[in-house]
**Student:** 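Just dropping this structure here.
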There are 2 protein chains.
Amino acid sequence: MSDPQASPSGLDDLDLRILAALVRQPGRSNKALAAELGVAESTCAYRVRLLRSRGVIAGVRVVLDPAALGLPLQAVIRVRLGRHTREGVGRLFDSLERTPGVIEVFHVAGEDDFLVHVAVEDAAALRDIVLQHITVHETVRTTETHLVFERREGIGPLARVMP
Amino acid sequence: MSDPQASPSGLDDLDLRILAALVRQPGRSNKALAAELGVAESTCAYRVRLLRSRGVIAGVRVVLDPAALGLPLQAVIRVRLGRHTREGVGRLFDSLERTPGVIEVFHVAGEDDFLVHVAVEDAAALRDIVLQHITVHETVRTTETHLVFERREGIGPLARVMP
DNA sequence: GTTGAAAACAAGCACAC
DNA sequence: GTGTGCTTGTTTTCAAC
């Protein structure tokens, strides 16, 4: 009942507290982390290493500000395909993720097939991405470009799991 | 002509190489970074600090694997509004970003108003998010939920700026 | 699974170029 | 704007619990 291994994923209370602290404030020292959680530094470092090797911590990302790089315009491009061959879809996906300015790509079910989030310098660059990198693929039937007014990060997955 | 300050954003060649190295492999020591780029450690640390304070480096994120946390289902929920009052839109945006499981939210122009990327445990949880956190808002007219088959990170903004 | 302590390592700072 | 040397702090390791 008072088992600290409460989570379905085999994460105990300390694991979850470590994850929460790391997500809230990444880049702090292991020493500071251990102090806040009230455990030894070696324990904290050990748990973090374990969480990494288990894949719970998928990685660390350095986030750049597209606007500061001269790319003030963001858009989500909805891509709809005609023929859905496995090779065609795979090739398009590969191509999209390698296109300069593409931040992320979703392969989704439903009306659309791909959602492509891009950052570009201006409207002309946006048009060029659509014409030169997306609609050139034979499998693509239509695209719809939606300007992004604002993008916010959510509270995230951990909030669904935490006590 | 051979001005190393080639970028429009006032970033010189070293800045760009630092950013590229950081994005490719975050979390490495300043010492290792400086060694790879062939500059002094102090120079490297100084530049990184400058890039941070200028906001070019927006921050660092710890990325968790939703599936490893017991949230194997991801979806993008397209949200369309009825009345578009400034307060209604703002309140919905605030509410969405605080909803457990929400990874990111886009406020977009066009047919849809919001795109909400979520990770959940199962279909029932997905339904509950839509019913309890989205359609409860008076401003929301319709939603469409798209299952995410796969999500990939793109090569990113830097690839548009790099030589 | 957890700990403290020692040894190896990296970061930050002031200063010289 | 860049390199150097010293001081401080942090990560790693490991025997022991």
Side-chain angles (χ1 to χ4, degrees), chain A residues 1-64 68-69 158 161-163, chain B residues 1-64 68-70 161-163:
Chain A
M1 220 60 178
S2 56
D3 186 0
Q5 198 151 322
S7 178
S9 8
L11 300 172
D12 69 10
D13 181 64
L14 179 56
D15 287 325
L16 292 174
R17 280 163 54 221
I18 287 174
L19 291 175
L22 279 179
V23 167
R24 194 154 27 110
Q25 192 181 327
R28 77 215 297 186
S29 72
N30 177 68
K31 184 183 180 133
L33 191 62
E36 184 188 306
L37 300 179
V39 295
E41 294 165 31
S42 50
T43 304
C44 194
Y46 171 69
R47 290 297 193 106
V48 171
R49 217 178 316 126
L50 233 60
L51 287 166
R52 282 184 152 283
S53 71
R54 282 212 264 168
V56 178
I57 297 176
V60 174
R61 300 276 177 279
V62 169
V63 181
L64 306 183
L69 287 170
L158 204 59
V161 179
M162 288 279 293
Chain B
M1 219 59 179
S2 58
D3 187 1
Q5 199 150 322
S7 178
S9 5
L11 300 171
D12 69 8
D13 181 65
L14 179 56
D15 287 325
L16 292 175
R17 279 163 54 220
I18 287 174
L19 292 174
L22 280 179
V23 167
R24 194 153 26 110
Q25 191 181 330
R28 76 216 297 187
S29 72
N30 177 67
K31 184 181 180 137
L33 190 62
E36 183 188 305
L37 300 179
V39 295
E41 294 166 29
S42 59
T43 305
C44 192
Y46 171 70
R47 291 296 193 106
V48 171
R49 219 179 313 127
L50 231 60
L51 287 167
R52 281 186 154 285
S53 71
R54 281 213 264 168
V56 179
I57 296 175
V60 175
R61 300 278 178 278
V62 169
V63 180
L64 306 183
L69 287 169
V161 180
M162 289 279 292

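Naming convention: chains lettered A, B, ... in sequence-line order (proteins, then strands); numbering from 1 in each chain. Given the structure is predicted, the values throughout are model-derived calculations rather than measurements. Note that these values count all heavy atoms, side chains included, but never hydrogens, waters or copies made by symmetry.
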**Student:** A:Glu36 and side chain to side chain contact (heavy atoms under 4.5 Å, CB included): which single residue from A:Arg17, A:Arg28, A:Gln25 fits?
**Tutor:** A:Arg28

**Student:** Quickly work out the A:Arg28 CZ to D:dG9 P distance and round it to whole Å.
**Tutor:** 18 Å

**Student:** Considering only heavy atoms and no angle criterion, is a donor-acceptor pair shorter than 3.5 Å present between the side chain of B:Thr43 and the base of D:dG3?
**Tutor:** no

**Student:** Side chains of A:Val39 and A:Ile18: does their closest heavy-atom pair fall under 4.5 Å?
**Tutor:**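 No; the side chains remain at least 4.5 Å from each other.
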
**Student:** Using whole Å, report how far CG of A:Leu11 lies from C1' of C:dG1.
**Tutor:** 16 Å

**Student:** Identify whether any heavy atom of B:Ser42 sits under 4.0 Å from a base atom; if not, whether one sits that close to sugar-phosphate; answer base, sugar-phosphate or nothing.
**Tutor:** base

**Student:** May I ask you to say what A:Ala40 touches in the nucleic acid, namely base, sugar-phosphate or nothing, with a heavy-atom cut-off under 4.0 Å?
**Tutor:**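 It contacts sugar-phosphate atoms only.
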
**Student:** Using atom NZ of A:Lys31 as one end and atom C1' of C:dA6 as the other, report the distance to the nearest whole Å.
**Tutor:**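 Rounding to the nearest Å, NZ of A:Lys31 and C1' of C:dA6 are 14 Å apart.
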
**Student:** Per the side chain to side chain contact (heavy atoms under 4.5 Å, CB included) rule, which among B:Leu22, B:Val161, B:Leu19 passes with A:Leu64?
**Tutor:**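 So, applying the side chain to side chain contact (heavy atoms under 4.5 Å, CB included) to A:Leu64 and each of B:Leu22, B:Val161, B:Leu19, only B:Leu19 qualifies.
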
**Student:** Would you mind reading off the distance between A:Asp13 atom CG and C:dT2 atom P, rounded to a whole angstrom?
**Tutor:** 11 Å

**Student:** Taking 4.0 Å as the cut-off, does a side-chain nitrogen or oxygen of B:Arg47 come that near to OP1 or OP2 on D:dT2?
**Tutor:**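 Affirmative; the distance criterion is met.
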
**Student:** Given atom CG of B:Asn30 and atom P of D:dT10, what is their separation to the nearest angstrom?
**Tutor:**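 Distance check: B:Asn30 CG to D:dT10 P gives 16 Å.
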
**Student:** Establish, with yes or no, whether the OP1 or OP2 oxygen of D:dG1 is under 4.0 angstrom from a side-chain nitrogen or oxygen of B:Tyr46.
**Tutor:**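 For D:dG1, OP1/OP2 do have a side-chain N/O of B:Tyr46 under 4.0 Å.
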
**Student:** Looking at side-chain heavy atoms only, is the closest gap between B:Arg47 and B:Leu33 below 4.5 Å?
**Tutor:** no

**Student:** Provide, to the nearest angstrom, the distance between the CG atom belonging to B:Leu51 and the C1' atom belonging to D:dG1.
**Tutor:**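 Checked: the CG to C1' distance equals 15 Å.
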
**Student:** Can you tell me the distance, in whole Å, between the CZ atom of B:Arg52 and the P atom of C:dG12?
**Tutor:**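 Between P of C:dG12 and CZ of B:Arg52: 10 Å.
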
**Student:** Taking the side chain of A:Val39 as its heavy atoms from C-beta onward, which of C:dT2, C:dT3, D:dG3 lies nearest to it?
**Tutor:** C:dT3

**Student:** Are the side chains of A:Arg24 and A:Leu158 in touch, meaning some heavy atoms are under 4.5 Å apart?
**Tutor:**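 No, their side chains stay 4.5 Å or more apart.
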
**Student:** Base, sugar-phosphate, or nothing: which does A:Glu41 touch, judged by heavy atoms less than 4.0 Å apart?
**Tutor:** base

